[in-house]
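Read the structure below first, then the notes.
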Amino acid sequence: MTDYAPQALDKKWQHRWTHDRAFEVTLDPSRPKYYCLEMFAYPSGHAHVGHVRNYIIGDIMARTKRMRGYNVLHPFGWDAFGLPAENAAIKTGTHPEKSTLDNIAHMKGQLQRLGISYAWEREVATCLPDYYHFNQWIFLKMFERGLAYRKRSTVNWCPKDHTVLANEQVVGDGVCWRCGTTVVQRDLEQWFFKITAYADELLQGLETLTDWPEKVVVMQRNWIGRSEGARIRFPLAASEDSVEIFTTRIDTIYGATFVLLAPEHPMVDRIAAEHPRHAEFAAQVAAFRALDRQARLTGEIEKEGFATGRMAVNPFTGKEVPIWVANFVLADYGTGAIMAVPGHDERDHEFATKYHLPIHVVVRTPDETGHVDATAGPRTAYGQLVDSGEYTGQVAPAVISRMIADADARGIGKGEVQYRLKDWGVSRQRYWGTPIPVIYCEKDGAVGVPLADLPVKLPVVTSFTGRGDSPLAQVDEFVNCVCPKCGGPARRETDTMDTFVDSSWYFLRFCDPRNSELPFSKEAAAYWMPVDFYSGGVEHAILHLLYSRFFTRVLRDVGLVSFDEPFKRLLTQGMVLKDGAVMSKSKGNVVDPDTMLEKYGADTLRLYVMFVAPPEKEVEWSDSGLEGSFRFLLRVWRLVDHWVETIGGEAAPVFGTEFTEAERSLRRKTHDTIRRVTSDVEERMHLNTAVSSLMELVNELYAFSQGTVKGAPARDAAAATAEESAQTRAVLREAIDALVVMISPFAPHMAEELWERLGHRGGLEAATWPLFDPELIKLDEVVVPVQVNGKVRARLTLPAGLNDDEMRERVLADALVKAHIEGKTVRKVVIAKGPLVSVVVG
RNA sequence: GCCGGGGUGGCGAAACUGGCAGACGCACAGGACUUAAAAUCCUGGGUUCCUCACGGAGCGUGCGGGUUCGAUUCCCGCCCCCGGCACCA
């Protein structure tokens, strides 16, 4: 008897895998590929079981697909740039590069100790020039195409520390996280990616993502926020000027009784300049602009506004309506101005009520005949138009297209589609990121760094104070350069890129990670992409996935890839909670995988995390659950150990023709387990029930062995062995082989050891996933429950394969059933799947 | 407010296409083994009631209705929980 020593097995097999390069792959068009990916990690220092769960999920899939015959790409890397490392540098003085690389080394060790089957030779870290070189390359391709452009935009600014703050560094009531000073807004020239150019395509592409969680698709759809409407020009009274508004409800335009401008609307400045009480008006505008920005930080605000004193003409009614400024009108959506229809819009109604502006009802439902009370609140539904000139009596939404067409014909407006999605601001006034590869020349303006001069390397900065502007601006050798166009003196861009740029294409880099000419070769991407299975946290459901879908399309247009969607199937895994809360260092409820590994080994942790709940669901960590998983693995170990040491048999099962009932039944269980586990892992991602099925098989094997396994009472092991026929040994052998292969994705170290001890050569990487024989799953006899008027009154044992008529006849002939239907009329006999028979009498 | 996902034993959960609700595990209880304990192996359990017992009857998947021979599953109306978005005109 050999004891189960998980820690020794972990070491032995992890070493063997690395030595044999067991998980490294090459492009091989003769084999079907499978690309299995988990979202790469920010190297924070330590992986806790919450992170680790995701890697295990991916590893189950990767290991299963390997045994199913696929050429499996399963890589890992590091999302290594970012604010935390820079903040740590400010605090402790450790250079971000050092802390990041140290963290990577530690976390890599953790993942290796878990036995995750990564192709480590393809590892990438985004903070290395090898990688960010191609962030710059892609940036320049986008710049060439007008997809990267500059515009003024606001950032959070701490006046005391004299530095830009990220949104998450603005805390509480809008103060600096470090010094508590109230944060102000500051306008800077910044770089943007024109993701809006792909808005419609990104929206339509969602329809093809049938293997994504519905939730994520919906979140993306809402984020893009497409709405169809019209842009309509309202001329100003007594002026050549006009104001354009965007509306989705042109059908209510006869009820537009005033116009509202966002405080930032350019017309507000023009009005202020001409306003009779100029100073007073300008002060009010300034107050509103400040208030509006504050509101974005703190949440909802009371609707407020003031009249400009100017009037606009409603182009449909021809009547003059007042123009107001309102704090709830968004400057960066639509035209920054709206027509207010208080009769049919909640917000406008609230505003009109507060400031006593006219409310005019122009819609009612077709069956509504009486007077509509305007003060009772707005009616926002579509209906029949009233009091709407030539459109009176017509019905929305049909009338909308008619009105838009008329507006177009009159030259006062046109149909328009608006998106909530904004262009992606990528400039960061930070050190630890990819330098933006642009040079500013007095003569030539913003010039892209020539591709041949890439990468623009991040210079070494030694002091991190967190004060002052972009850290790169301090490095003169970096800033001062020559213009690539004219050779004159020039300055480099000192901002770095948002780290979301790094993560928007790393999955493509994994296809060809050492390419020094291109981000990746076309051939490599064509073979490996798209990612077949992608798993990660739901917190990336919007931005990361949307940006990746955007980059894929840009690279398609650049000619590097020929598909639209990078991720075929997506799984958003649930978090691991401890004491009802998300694990975090500050809460002190982190479960460190290394402690678990020391106590139980990697396999127990892997199995437990997969068994405890379905992958998408949150789980509460439980030490006793872990103990239970360890017990199960011990049970498997003892079973196979007992086989190897006392029963034994052929390396491959050889069957005769006659089976005892017990043998038939065990084979049925074996094949049924294969069927269930295969579909649970590959198709349904029900990893918890896959483990359950394996447990059932093990229970059945223990029952079959009738106490011959160690520790059990009764029969003497040697005597029992003598009784085993060759046939029984073959049946057991088949079950044990299948069990070891199927358990191997969950508990690879133990499985490898058992596989070897069972006499198989070449390791599990060379093993083939078992196939089930559908014939064996069919029962020879079926137990048929018989319901009479909804209650099960009898259970009949019938031969399998009876047709419905035969079964009906046998059921009605049975004495037990007869007793229940005697003297009554049989109205209906339903033979259902199951099988089950339902007899209705009355 | 809008959108999405949920609500099943003491607990985590299962039930795939409308067909024996609670598989599998945790915790618990009992038995075997042991001088004893641990470990191991075996057994038990939704709940109420009837029966000495074997066994049987009723009620049970958030609540109220509906469709159906049959509903955790489908339909209508509610309640509660979790997550996302939130003045997008």
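The sequence lines fix the lettering, A, B, ..., with proteins before strands; numbering per chain opens at 1.
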Between B:rG58 and B:rC24 - C1' atom distance, rounded Å: 29 Å
Residues 603-623 of chain A vs salt bridge (charged side-chain N to carboxylate O under 4.0 Å, His left out), sequence neighbours excluded, gives A:Asp59-A:Arg606
Mate of B:rG83 across any strand shown (Watson-Crick or G-U wobble, both atom pairs under 3.5 Å) is B:rC3
*asked:* With rounding to the closest Å, how many angstrom separate the C1' atoms on B:rC75 and B:rC42?
replied: 48 Å
Legend entry - A:His344 side chain near B:rA89 phosphate (N/O to OP1/OP2, under 4.0 Å): no
Donor-acceptor pair under 3.5 Å, A:Glu346 side chain vs B:rG1 base
no
Expected label for B:rG60 (glycosidic angle, syn inside 90° of 0, else anti) would be anti
Validation row, ring centre A:Tyr355 to ring centre A:Trp324 under 6.0 Å:
yes
Exercise. When we call it a touch if two heavy atoms are under 4.0 Å apart, what does A:Pro213 touch: a base, just sugar-phosphate, or nothing?
Worked result: nothing
Practice problem: Could you work out the separation of B:rU73 and B:rC63 based on their P atoms and round it to a whole Å? | Solution: 11 Å
Any donor-acceptor N or O pair under 3.5 Å, side chains A:Tyr4, A:Asp641: no
Does the pair A:Arg684 and A:Asp680 meet the rule for a salt bridge (Lys or Arg N to Asp or Glu O under 4.0 Å), with working shown?
CA-CA 5 Å; A:Arg684 302 177 347 132; A:Asp680 275 354; 3.1 Å; yes
Whether each nucleotide of nucleotides 25-30 of chain B has a protein heavy atom under 4.0 Å at its base (B), only at its sugar-phosphate (S) or at neither (-) is summarised, 5' to 3', as SSS---
Nearest-nucleotide check on RNA chain B, A:Glu618 vs A:Gly225; residue mapping nearer the 5' end is A:Glu618
Select base, sugar-phosphate, or nothing to describe what A:Asp348 touches, counting heavy atoms under 4.0 Å on all strands. nothing
Closest to the side chain of A:Glu214, out of B:rG4, B:rA15, B:rA89, is B:rG4
Regarding the side chain of A:Lys828, the nearest nucleotide among B:rC20, B:rA14, B:rC69 is B:rC69
| request: Please work out if A:Val218 contacts a base, only the sugar-phosphate, or nothing of the nucleic acid, heavy-atom cut-off 4.0 Å. | output: sugar-phosphate
Taking 4.0 Å as the cut-off, does a side-chain nitrogen or oxygen of A:Lys215 come that near to OP1 or OP2 on B:rG84?
no
A:Thr248 has its side chain closest, among B:rA89, B:rG4, B:rC69, to B:rA89
Among the nucleotides B:rA89, B:rC16, B:rU40, whichever has the atom closest to the side chain of A:Arg684 is B:rC16
Point to revise | N or O in side chain of A:Arg420 less than 4.0 angstrom from B:rA89 OP1/OP2 | key: no
Among the nucleotides B:rA89, B:rC69, B:rC41, whichever has the atom closest to the side chain of A:Phe246 is B:rA89
Could you tell me how far B:rU61 sits from B:rA13 if I compare only their C1' atoms? Round to whole Å.
13 Å
Minimal heavy-atom distance between A:Ala262 and A:Val268, with the atoms involved, is O-CG2, 3.6 Å
key: Spacing of the C1' atoms in B:rC80 and B:rC87 (rounded, Å)   = 28 Å
As its Watson-Crick or G-U partner within any shown strand, both distances under 3.5 Å, B:rA27 has none
Margin query: Taking B:rU8 as the reference, what is the distance to B:rA15 when you measure between their C1' atoms (whole Å, please)?
Written below: 10 Å
Original post:
Between B:rG10 and B:rC28, how far is it from one C1' atom to the other, in whole Å?
Top reply: 9 Å
Winner on side-chain proximity to A:Phe328, out of B:rU40, B:rA89, B:rA23, is B:rA89
Residue-phosphate contact under 4.0 Å: A:Ser227 side-chain N/O, B:rA89 OP1/OP2
yes
